Amino acid sequence: MNERTLPRHIAIILDGNGRWATSRGLPRTKGHESGVHKVRLAARACHERKIPVLTVYAFSAANWSRPAEEVDNLMRICREFAEDAHDELVSRGVRVVVVGDIDDEVPTATRKATERLIADTAGGTSMTLALALNYGGRRDMVNAMRAVAAQARAGLLLPEDIDPVSVRRFLSTSELPDADLVIRTGGEQRLSDFLPFEAAFAELFFTETLWPDFSEATLDDALAFYARRQRRFGRTDEQVGRTATTAEIGSI
Ligand code: IPE
Ligand code: IPE
Ligand code: MG
């Protein structure tokens, strides 16, 4: 694996916690509690493999419709992650950011622990870990469109000048590169409102492995899959063959 074949941005849809627990006769929350350790493992493994950006889908805007007790437990687990992973992420120089909306519905304790993690890791330069927390891709795009419309109304942007770059600037992922590789555990083959704009050209890796069973081997399978892909961004095989790196081809 070299720089040319390594994704710059891996985005993980961590799925299968509930089924992992249910198949063992445990409450679903036990699956989430097991799964959170794998978020730390994934961050560590990506850091060691020099992946610049990892985004993990921790809680979707649609997940609020789960039973209140499960939602409360998920929010508690998110808080505990922010507290427990704090020292390791600081010492590894990992910068943590949140994509999604932690201002509104997220309980104060979870929000505060997450904000502290963001503030204390702000100087990290070795890797970015983006936590997709209360994230919904459509909502993020609607928010961006509102901001673009407000600029147009204020006369700062002409409608004919609106392009992918001007829209992307207002997404909550604006500081992140496009996703190169999306991994979904748990066997489903769907995006569930994850990064609809940013993953437009991403390679998609689906595995039956349930998230609490995720390991470095799963990550390495996904990286090997990615390295075998030829990313064409609309061009022909011949054109791409002449281009030195996918970074040169660009995505938007
Ligand atoms: C993913 O596991 C965790 C979150 C969505 C927060 P699930 O809880 O969706 O697990 P399954 O899909 O029900 O097995
Ligand atoms: C996607 O998983 C959301 C997260 C991983 C946080 P879900 O389990 O909520 O997705 P669906 O319901 O199968 O689409
Ligand atoms: Mg699920």
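This structure is a prediction, so every number in the text was calculated from the model and none was measured.
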Do S172 and D140 have a side chain donor and acceptor closer than 3.5 Å? yes
Residue pair K30, E33: steps toward the salt bridge (Lys or Arg N to Asp or Glu O under 4.0 Å) verdict: CA-CA 5 Å; K30 290 288 171 207; E33 285 171 352; 3.4 Å; yes
Below 4.0 angstrom, N of the basic side chain to O of the carboxylate: do R95 and E175 qualify? yes
Roughly how far, to the nearest 0.5 Å, is CG of D163 from CG of L157? 8.5 Å
Are more than 12 heavy atoms, taken from residues, nucleotides or ligands other than E69, located less than 6.0 Å from that residue's CD atom? no
Salt-bridge criterion met for D84 and R40 (N-O under 4.0 Å): no
Less than 4.5 Å apart, any side-chain heavy atom of P52 and any of H9? no
Using a strict threshold of under 4.0 Å (side-chain N to carboxylate O), is an ion pair present between R8 and D178? no
Hey, are the side chains of C46 and L219 touching, using non-hydrogen atoms and a 4.5 Å cut-off? yes
Within 45° cone and under 6.0 Å: R66 NZ/CZ vs W64 ring: no
Less than 6.0 angstrom from the centroid, inside 45 degrees of the normal: does R229 satisfy that with respect to the ring of F225? yes
Report yes or no: does S34 contribute a side-chain atom to a donor-acceptor pair with the main-chain N or O of G31 at less than 3.5 Å? no
In terms of side-chain geometry, is the basic nitrogen of R49 or E216 positioned less than 4.0 Å from the acidic oxygen of its partner? yes
Parallel, tilted or perpendicular, as decided by the 30° and 60° cut-offs, for the rings of Y57 and Y135: perpendicular
Tell me, yes or no, whether the heavy-atom count around E188 atom CD, taken from other residues, nucleotides or ligands under 6.0 Å, exceeds 12. yes
Between E48 and R44, is there a side-chain N and carboxylate O pair less than 4.0 Å apart? no
What distance do I183 atom CD1 and L54 atom CG have between them, rounded to the nearest 0.5 Å? 8.0 Å
Of I102, T110, V106, which meets side chain to side chain contact (heavy atoms under 4.5 Å, CB included) against C78? T110
Atom CZ of R138 with >12 non-hydrogen neighbours under 6.0 angstrom: no
